[in-house]
Amino acid sequence: MLKSSPFKWLLVALAYLAGSCAQQSDGPDEDRVIISIWTRWSGFEKDVLDEIIKDFEQEQAGIKVQMFTMGTPQKIMLATAGGNPPDLAILSGPYIASYAENNALTPLDTMVAKAGIEQDDYYPVFWDAATHRGHLWALPISAGVTALHYNKKMFREAGLDPDRPPRTIAELEEYNEKLLKRDAQGRITQMGFLPDKPDWWVQYYGYWFGGKIWDGESQLTLSDEANLNSLHWLASYPERFGADTLENFRAGLGSPASAQNPFFTEQVAMTIQGVFLSNFLEHYLPDDTSLEWAIAPFPSATEDGPPMGLAEGDLCVMPAGAKHPEEAFAFLAYLQRPEVMEKLALGHRKLTPIKEVSASFTEEHPHPYIKDYLALLKSPNLRPHVQLVNANELRNAMRDMFYGVYSGRSEPGAMVERIEPLQQKILDRKLSRWERVEAARLKEWSEQ
Amino acid sequence: MTQQERQNLRNGLLFISPWVVGFLAFALYPLLASVYYSFTDYSVLSPPVWIGTENYEELADDPLFWKSMTNTLFFAALSIPLSTVCACALAIMLNFRIRFQSIFRTIFFLPALVPMVCLGVIWMWMLNKQMGLVNLGLSPVLGDSVPNWLEDPAFTKLGLVIATLWCLGHSMVIYLAGLQEAPVQLYEAAEIDGAGFWRKISTVTLPCLSPYIFFNTIMAIIGSFQTFAVPWVMMKGEAGPEQSMLFVATYIYINAFDNWQMGKACAVALILFIMIAILTLSVVKLGERKVHYQ
């Protein structure tokens, strides 16, 4: 049978066919344009956006929005590189600069101007976080800011005024000493403040000492006095409490995103957290109302000047090569309407990046301290995540710096001397590579 | 060639052509493309820009690259001999005729079936300083100074070696197969000459196992130099305290997908390839003299 030629060819053809996958055809043909949006949200956060999407689809019958939960920002890059990006994606953190320079995003300036979205309606810190090289790359859709969260009951027990949280770093450490408890063997059982629980923002402590990470042009400023002071403060922890004792205490603490959050279990009296702590509380300890807590701006090194906070937010970007930019922007513009933004913020229990909020927003907001947060948002001293094109490398290096100093293994000055020149070299290289393509890119972006 | 031979050749090539196409498209082309990209600045989203040897010059000055090399060499130097010795010893012990031999063999092989990510998660818990089973076992002896396997840079790689030793199943099974090949007459001859247990191991068992040791060593070299999944999961997607778990494969991943510098990642990958190739060829050269085939 094998001798017959046609059968042989048939077998080979079958082998090839078996190796290739047939493409699934898309669902039933719709007249509507289907746009996709990638978010990191699941659970109740996803449900809120689902509702908003339903409202939008009712208003704009010609567009259908499909939401997908994608874990990491890298997937957005990969999809864009593969030529199959989502039409919209939610990013957070300092990715805008590197994504924009790598040509992964669509500039939104023209579309924003046409839609009449005004920069002045937004807090500058959120608008600036979405800007790079003179173009707008994203629109903020929700906001948050970090603040000091403290336990009033533990303050009272330690003889501190529960309505007078620390305002300076020196006061923070005074409170820390008073709130410290040890057991008979000298092991720590309770602490006032622990800088690495949670460890999500450990590379930013310099902000509260008045330090900046770079000069905004091309030079890193990690070795500035303010930044060094923050490292010395962190290095004082193993010095004061004993590196091993501290490590033993830390190793026994639970994850911040769980019911064993040390702030919930009252092992730590003060913590730096975002506006979503009340979400955590409700999610992980729904039946426990015994935690007496309040918020205040996180203490700075000196008391003068408006309070400092790290401004975070979700930014919605349009990846380069999105198949339906106009329809996608229609949805993005819808999300920018004050009433829609407030609905999202209420549902997520976060804040909005726009300055004006309706009275009902403040009244209906489930967060018990929304007024304090709104006041903190007004501070002109808020800073965003550092927007640098070598954000990833810098983040890893600065976290190394934190852990080296905080574990007592390295000396602050030595660490900065080792790390800063390296990161500066990486930044210089990226800046020189940008110079090579600058003219072409700027031209391309202004034409979009 | 005769007509028949030509026809046979054509049929043969036709039937292996799917594999050949796959190899060219998915193995050879990416390899050559990677060599090309290592001489460019390529961020995937924009076309590659030729920069010559700039990536390699950057690597020569890059302390993270050298750290990844020393980490990888340290890990390989520790895990290859240890895993060879342990797998061999296990195979010899599982070759004894005892009652539940097949059950024991199954139990010792099972860990090799655990996917690498699960392995990382399991050992992340096993090596936890306060609650891990390893430290639970060590605390009667060491008390409070049990090592902090996951946060102390001096111990992270040792923890990884332990995790790697746990899944010796594959090499153990190969040694077991090799032990069946050892001719009984040689053992009998050795016994007649008055050889004890250890003498028999060193003069009969190990030489008979030498082709298998040779094969497993090469596989271990290739495997340990490419270690990525287990340390990455154990360190929760980072390079470990003070970059102590930064291996060459980890550095390739970080450059390619975190920092979007494909060119630099390809350069590191090429260097890794050359390193493994040189080591493998050296082992092969050594094996020519030392390995006894039946």
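Convention: sequence-line order gives letters A, B, ...; per-chain numbering from 1.
For a residue to count as touching a neighbouring chain, one of its non-hydrogen atoms must lie under 4.5 Å from one of that chain's; by this rule Gln261(B) touches chain A with the side chain only. Heavy atoms of Ser98(A) lying under 4.5 Å from chain B are absent altogether. Within the 4.5 angstrom heavy-atom criterion, atoms from both the backbone and the side chain of Ser17(B) approach chain A. Contact of Ile51(B) with chain A is made through the side chain alone, with heavy-atom distances under 4.5 Å.
When the shell of 6.0 Å around CZ of Phe273(B) is examined, it contains 12 or fewer heavy atoms from other residues, nucleotides or ligands. Counting non-hydrogen atoms of other residues, nucleotides and ligands closer than 6.0 Å to CH2 of Trp50(B) gives a total above 12. More than 12 heavy atoms of other residues, nucleotides or ligands shown are found within 6.0 angstrom of CH2 on Trp434(A). Sparse packing is recorded around CE of Met116(B), with 12 or fewer heavy atoms of other residues, nucleotides or ligands lying under 6.0 Å away. Summarising the local packing, CE of Met219(B) is surrounded by 12 or fewer heavy atoms from other residues, nucleotides or ligands at distances under 6.0 Å.
Using a 4.5 Å cut-off on side-chain heavy atoms (C-beta onward), Asp152(B) and Arg409(A) make contact. Between Arg433(A) and Ser43(B) there is no side-chain heavy-atom pair separated by less than 4.5 Å.
Note that CZ of Arg429(A) and CG of Asp41(B) are 10.5 Å apart. Values are rounded to the nearest 0.5 Å. Between Asn396(A) atom CG and Leu64(B) atom CG the span is 9.0 Å, to the nearest 0.5 Å.
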CA sep, side-chain torsions, deciding dist, call: Gln74(A), Asp258(B), side chain to side chain donor-acceptor pair (under 3.5 Å) = CA-CA 7 Å; Gln74(A) 292 158 332; Asp258(B) 270 352; 2.4 Å; yes
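Salt-bridge annotation for Glu393(A) and Lys264(B): absent, with no side-chain N of the basic residue lying under 4.0 Å from a carboxylate O of the acidic one.
Sorted by first and then second residue, the salt bridge (Lys or Arg N to Asp or Glu O under 4.0 Å) pairs involving residues 247-260 of chain A (not counting sequence neighbours) are Asp196(A)-Arg250(A), Glu247(A)-Lys129(B), Arg250(A)-Glu151(B).
Shown here for Asn102(A) and Trp260(B), the closest heavy-atom pair between the two residues is ND2-CB, 4.0 Å.
Contact count versus chain B (heavy atoms, under 4.5 Å) is highest, among Asp244(A), Asn248(A), Ile426(A), Asn103(A), for Asn248(A).
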